[in-house]
Participant: 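Just dropping this structure here.
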Protein chains: 2
Amino acid sequence: MNNKKTFGETVKSLREVRRLTLKDVSSKLDIDISTLGKIEKNQRSASKELIAKISQFFNVDEKQLHIDFLSDKVAYQLEDERYATEVLRVAEAKVKYLKQKDSNEAH
Amino acid sequence: MNNKKTFGETVKSLREVRRLTLKDVSSKLDIDISTLGKIEKNQRSASKELIAKISQFFNVDEKQLHIDFLSDKVAYQLEDERYATEVLRVAEAKVKYLKQKDSNEAH
DNA sequence: TTCATTTTGGACAAAATATGTCCAAACTTA
DNA sequence: TAAGTTTGGACATATTTTGTCCAAAATGAA
């Protein structure tokens with residue numbers, strides 16, 4: 001899987017290399033054609049459940065697809081911010097801080 | 001400024017070291033007392049405009065406070081995700097990719 | 001070119017989420 | 001105790017997201 005692609009681009013190429021139509025895939029995933037089309041264009045979001053379905057349907061690693069999805073969300077969120085890289089660096093420290101805080105509070 | 005703190009904790013200590021009450025600060029910022037209290041407890045979000053006001057009022061670097069705010073949002077978003085660190089790493093690559101894409105499309 | 005299929009974009013109501021505002025209970029502290 | 005402060009919840013309103021449908025545009029096979 002190429003992480004340089006956006007989540008939508010990833011889903012689209014998973015479909016296209018299999019020569020399937022939006023209808024083929026959307027009906028299997030039990031969602032609207034139009035919704036899937038928008039997901040491929042990053043115009044709509046996908047739920048966790050849908051990501052799981054997609055990874056199962058295309059037989060790709062769910063963890064990897066999930067990472068691809070979340071990182072996309074974060075990246076788009078910071079796209080127009082000037083200090084994106086710094087934000088990410090601080091965020092990483094905070095995640096560690098929060099994880100530790102939680103595990104301390106747990107016992 | 002200590003980035004290990006959450007955004008709310010940061011705002012709270014900015015207020016407390018000056019020995020001001022929520023009422024003092026909220027009235028200057030032109031927001032509800034309760035809203036400010038919740039912001040300090042990370043139960044409500046702050047708008048960009050409000051972040052600017054806060055940084056001006058406490059006379060701290062707006063950029064830094066803004067980074068503190070955004071990184072917090074990202075961190076909370078990933079708090080319950082198992083692969084937070086990997087997500088952030090991929091997100092960083094994507095941000096760079098998007099920035100390059102944009103600057104290429106611009107000319 | 002025509003016809004069927006596929007993709008895309010927009011409209012819309014319903015559902016979910018966020019925000020502004022107020023109030024009262026709980027907590028501090030003088 | 002009494003005043004001032006903080007906290008949590010309720011609530012209407014505003015904003016955003018979601019599911020669904022439809023029609024126009026694009027594709028492509030005959």
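Just so we're on the same page: letters track the sequence lines, and every chain starts at 1. Just so it is clear, the values below take in all heavy atoms, side chains as well, and ignore hydrogens, waters and symmetry mates.
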Participant: Tell me: CD of A:Glu16 to P of D:dT27, nearest whole Å?
Facilitator: 12 Å

Participant: Angle, rounded to 10°, between the helical axes spanning five pairs at each terminus of the helix from C:dT1-D:dA30 to C:dA30-D:dT1?
Facilitator: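 The angle separating the two end axes equals 40°.
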
Participant: What are the two closest heavy atoms between B:Asp72 and B:Lys5, and how far apart are they?
Facilitator: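 Nearest pair, atom of B:Asp72 first, then B:Lys5: OD1-O, 4.3 Å.
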
Participant: Donor-acceptor pair under 3.5 Å: do we get one between A:Ser34's side chain and the base of D:dG19?
Facilitator: no

Participant: Could you tell me how far apart B:Ile33 (CD1) and C:dA24 (P) are, to the nearest whole angstrom?
Facilitator: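 For the pair B:Ile33 CD1 and C:dA24 P, the rounded distance is 15 Å.
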
Participant: With distance as the sole criterion, do the side chain of B:Thr21 and the base of D:dG4 form a donor-acceptor contact below 3.5 Å?
Facilitator: no

Participant: Indicate whether the side chain of B:Ser34 and that of B:Lys38 have a donor and an acceptor atom separated by less than 3.5 Å.
Facilitator: yes

Participant: Please state how far atom CG in A:Leu36 lies from atom P in D:dT20, giving the value in whole angstrom units.
Facilitator: 14 Å

Participant: Please determine if A:Lys48 and A:Glu62 form a salt bridge, counting it only when a charged side-chain N lies under 4.0 Å from a carboxylate O.
Facilitator: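 Salt bridge: no.
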
Participant: Find the distance B:Leu20:CG to D:dT6:P and express it as a whole number of Å.
Facilitator: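 Checked: the CG to P distance equals 10 Å.
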
Participant: Would you call A:Lys63 and B:Glu86 a salt bridge, taking side-chain N to carboxylate O under 4.0 Å as the test?
Facilitator: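 Looking at A:Lys63 and B:Glu86, the cut-off is met.
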
Participant: In whole angstrom, give the distance that lies between atom CG of A:Asn42 and atom P of C:dG9.
Facilitator: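 Going from A:Asn42 (CG) to C:dG9 (P), I get 12 Å.
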
Participant: Does OP1 or OP2 of C:dT8 have a side-chain N or O of A:Lys41 closer than 4.0 Å?
Facilitator: yes

Participant: Confirm from the modelled atom types if B:Lys38 and D:dG9 form a donor-acceptor pair under 3.5 Å, side chain to base only.
Facilitator: yes

Participant: Can you confirm whether the side chains of A:Ser71 and B:Lys94 place a donor and an acceptor under 3.5 Å from each other?
Facilitator: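 Result is yes, a qualifying pair exists.
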
Participant: Does the pair A:Arg15/A:Glu40 count as a salt bridge with the N-to-O cut at 4.0 Å?
Facilitator: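 Yes, this pair counts.
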
Participant: How close or far is atom C1' of C:dA18 from atom CG of B:Leu50, stated in whole angstroms?
Facilitator: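 Those two atoms, CG and C1', are 15 Å apart.
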
Participant: Measuring to OP1 and OP2 of C:dT7, would you say a side-chain N or O of A:Arg15 lies under 4.0 angstrom away?
Facilitator: yes

Participant: CG of A:Asp24 versus P of C:dT5: gap in Å, rounded?
Facilitator: 13 Å

Participant: Mapping B:Leu22 and B:Arg44 onto DNA chain D by nearest heavy atom, which one lands closer to the 5' end?
Facilitator: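 Of the two residues, B:Leu22 wins.
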
Participant: Under a 3.5 Å distance rule, please check whether A:Lys53 uses its side chain to pair with a backbone N or O of A:Leu29 as donor and acceptor.
Facilitator: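 Yes, because the side chain of A:Lys53 sits within donor-acceptor range (under 3.5 Å) of the backbone of A:Leu29.
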
Participant: Can you measure A:Ile39 atom CD1 to C:dT7 atom P for me and round it to whole angstrom units?
Facilitator: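 Rounding to the nearest Å, CD1 of A:Ile39 and P of C:dT7 are 14 Å apart.
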
